[in-house]
Structure formats: structure tokens, C-alpha cells
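Before any comments, here is the structure.
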Amino acid sequence: MSAVAELGDKISKLTIAEAVELKTYLKETYKIEPAAGGAMMAAAPAAGPVAAAAEPTEFNVILEAGFDATKKIQIIKVVREITGQGLAEAKATVEGAPKAIKENVDKKTAEDLKKKVEDAGAKVTVKPA
């Protein structure tokens, strides 16, 4: 039996709690997230043909609350650069988090912006639009 088949057999026998723990581990350690619907959906027996969920093509980049106050100025600079806001507007955006700082962008752009803002010291999430 191949290593992939063995791994597949082990995954198929996980309890829901273990599957959630595996998902969390993969996300935190390797930045891997399951496709829409999650891994457990794929393991469940299908009653018939199932239409595939459409993969979102547009995303919103959300600045989350809870950043280190010493990095606030750098975060404001990055938010200004991304949004084109003036200083007062960008400051209000950062202080009013959680707020969308970019909406309806493709996945690559959203991930690039997320990295840029996180490198400045903020917490960011990317959500389907």
C-alpha cells in the first residue's frame, strides 16, 4: 500500500474533533486551509452528483483590531498607501478596526496586501466578497 493511500485511510478514520484539530494544525503550521466546504465534506458519502461550490474570485481585506500600539504609525502608513486615504482618514480606519481596507480584489492581490499589512504589525483577514 502506498504512503498516500495509508495517509488517506488514516484521515478517513478521524473523528470530527480530530479533523478540526488537524485543520487548525495545518493552518497554523503550514498556512494550509481546506477548500470551501472543508475536508470532512469530501469524506462524507455522497447521495448523488453534487454540484461543486464555486470558488470565490473576489475578496475583501479586513484590518482587525488588536495590534501592537508601538506599530500604529507604520500600520497607518501602509493603510494610506493601500487605500489612498489622507492621514486623518487612515488613522480613523486603523483606530476603528475591524474595517475593510480593500474590497473586491482578486485572491493574489488580497494575499499580497494581507502580507504587507501584517509585516507592518497589524492583524488582517481575507474574506470572500
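Every heavy atom of this structure was used, including side-chain atoms; hydrogens, water molecules and symmetry mates were not.
For the pair I101 and L113, the minimum side-chain heavy-atom distance is 4.5 Å or more. With a 4.5 Å cut-off on side-chain heavy atoms, N104 and N60 count as touching. For the pair T93/T83, no side-chain contact is recorded, criterion being any heavy-atom separation below 4.5 Å from C-beta on.
No more than 12 heavy-atom neighbours from other residues, nucleotides or ligands sit within 6.0 angstrom of CD on E21. Atom CD1 of I73 sits in a sparse spot, with 12 or fewer heavy atoms from other residues, nucleotides or ligands closer than 6.0 Å.
Atom-to-atom distance recorded for Y25:OH and I32:CD1 is 9.5 Å, nearest 0.5 angstrom. Between K116 atom NZ and K102 atom NZ the span is 10.5 Å, to the nearest 0.5 Å. Expressed to the nearest 0.5 Å, how far CD of E6 lies from CD1 of I11 amounts to 12.0 Å. The CZ atom of R80 sits 9.5 Å away from the CD atom of E89 when rounded to the nearest 0.5 Å. Here the CD1-NZ distance, from I82 to K114, works out to 13.0 Å after rounding to the nearest 0.5 Å.
Among residues two or more places apart in sequence or in another chain, the side-chain hydrogen bond (donor to acceptor under 3.5 Å, both in side chains) test is passed with K10 by none.
At a threshold of 4.0 Å, the pair E18-K13 does not count as salt-bridged, since none of the basic side-chain nitrogens sits closer than that to a carboxylate oxygen. Contact check on K115 versus D119 returns a salt bridge, with a Lys/Arg side-chain nitrogen under 4.0 Å from an Asp/Glu carboxylate oxygen.
Side chain of Q74 to backbone of K71: no donor-acceptor contact under 3.5 angstrom is found.
Nearest heavy-atom pair across K123 and A65 is CD-O, 3.9 Å. Taking all atoms of both residues into account, the shortest heavy-atom contact from A110 to F59 is CB-CB, 3.9 Å. Between A90 and Q85 the shortest heavy-atom distance is CA-OE1, 3.1 Å.
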List the steps, then state whether side-chain contact (heavy atoms from CB on, under 4.5 Å) holds for E95 with K72.
CA-CA 9 Å; E95 291 174 346; K72 183 176 176 180; 2.5 Å; yes
For the pair V117 and V61, evaluate side-chain contact (heavy atoms from CB on, under 4.5 Å) and give the outcome as yes or no after the intermediate values.
CA-CA 10 Å; V117 179; V61 181; 5.6 Å; no
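Linking ILVMFWY residues whenever their side-chain heavy atoms come closer than 4.5 Å, directly or via other members, leaves V79 and I62 in distinct clusters. Cluster membership check: V94 shares its hydrophobic cluster with V78, using side-chain heavy-atom separations under 4.5 Å among Ile, Leu, Val, Met, Phe, Trp and Tyr.
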